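Heads up: the structure comes next, in structure tokens.
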Amino acid sequence: MKLILTGCEYAGKRTLGRRIWKWWSEQTGAEYRDPPHTHFHDHFTVPNVVHSAGHEEHKELSEKDILNINPGLLEHFQRFQISYHFSRGFTSRPDHWLIDWYYADAVFAPLYYGYGRPGEYGDRRVMARHHDNEVMELMPDTILVLVKASSEVIRRRMHNVEHPKSLFEEKDIEFVLARFQEEFDNSLIRQRFAIDTTSAAVDESLEDFSRKVDYYITPEDRQRMASHQAK
């Protein structure tokens, strides 16, 4: 399965992502390991730019240092790590899962990172549509999922839920929710749906996901599922 989860911080995309990974491993026999390991590439939102496992020796320092580099260098870094995940080593795998990927830059770079604004070099809204085209060429079976929640719930979770360090600010909740919705609506990825976690428990969100994603599961993935269930 090729899968992108995107959405505002505190909408629940990481919590849901962990449950999706466990569910998919039960369906197909794909490897599952407990957190901090994750099947998702979730390192595209500054300062969380280092994969959660395998880089422990420099993760804390790197995420501190990334906040001190100039916007031009950060733009290059983000551009290259986004493009890296289009490489054949990823796109040829049976599963390639990402949280936010280039959608985070489209929303957050003009707001917080100092680059990528409309009309500038590296305009991230323009680049997002370019990357959509790449996805459709290299991974046409990719599924895009917008994970969202009401502004009131986002605000409450900001105060009550432990979360990775983020530049996201409470005053920007409504704007950021609207921008992620806009990127989802404008995406060129045809296979897509939304999950609203406003009043749903995690198990309910997973059930919603499994029901909606079933329509898009490829014949190859269905064969993997059948082979695993037959064991």
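Computed from a predicted model, the values in this text were never measured in an experiment. Numbers here are sequence positions counted from 1.
- For the pair Lys13 and Tyr103, the cation-pi criterion (under 6.0 Å, within 45° of the ring axis) is not fulfilled.
- A donor-acceptor contact under 3.5 angstrom links the side chains of Gln181 and Asp185, judged on distance only.
- Between Glu9 and Arg157 there is no salt bridge, since no side-chain nitrogen of the basic residue lies less than 4.0 Å from a carboxylate oxygen of the acidic one.
- Between Trp97 and His39, the two ring planes are perpendicular [angle over 60°; tilted spans 30° to 60°].
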- Query: Going through the distances and angles, do Glu207 and Arg19 end up as a salt bridge (charged side-chain N to carboxylate O under 4.0 Å, His left out)?
  - Reply: CA-CA 10 Å; Glu207 182 178 353; Arg19 295 299 299 276; over 6 Å; no
- Task: Please step through salt bridge (charged side-chain N to carboxylate O under 4.0 Å, His left out) for the pair Glu31 and Arg33, ending with a clear verdict.
- Result: CA-CA 7 Å; Glu31 180 187 24; Arg33 290 186 288 172; 3.5 Å; yes
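- Counting non-hydrogen atoms of neighbouring residues, nucleotides and ligands closer than 6.0 angstrom, the CD atom of Glu170 exceeds 12 such neighbours.
- Aromatic ring pairs are classed by plane angle as parallel below 30°, tilted from 30° to 60° and perpendicular above 60°; the pair Phe209 and Phe193 is tilted.
- The closest side-chain donor-acceptor pair between Gln78 and Gln81 falls under 3.5 angstrom.
- In this pair, Tyr84 and Phe90 present their aromatic rings perpendicular. The plane angle is above 60°, beyond the 30 to 60° band.
- In summary, Arg129 and Glu183 engage in a salt bridge, as defined by a charged side-chain N under 4.0 Å from a carboxylate O.
- Salt-bridge check for Glu152 with Arg155: failed, with every basic side-chain N at 4.0 Å or more from each acidic carboxylate O.
- The residues Asp95 and Lys2 are annotated as not salt-bridged, no charged nitrogen and carboxylate oxygen being separated by less than 4.0 angstrom.
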- Query: Hey, mind stepping through Leu144 and Arg190 against side-chain contact (heavy atoms from CB on, under 4.5 Å) and telling me if it holds?
  - Reply: CA-CA 8 Å; Leu144 175 65; Arg190 295 185 290 271; over 6 Å; no
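- A cation-pi contact, defined as under 6.0 Å to the ring centre and within 45° of the axis, links Arg192 to Phe184.
- Between the side chains of Tyr113 and Asp105, no donor-acceptor pair of N or O atoms lies under 3.5 Å.
- Arg117 CZ to Leu111 CG: the interatomic distance, rounded to the nearest 0.5 Å, is 10.5 Å.
- Between Arg224 and Glu220 there is no salt bridge, since none of the side-chain N atoms of the basic residue sits less than 4.0 Å from a carboxylate O of the acidic one.
- Between the side chains of Asp100 and Thr6, a donor-acceptor pair is found at a separation under 3.5 Å.
- Using a 4.0 Å cut-off between charged side-chain N and carboxylate O, Glu75 and Arg124 make a salt bridge.
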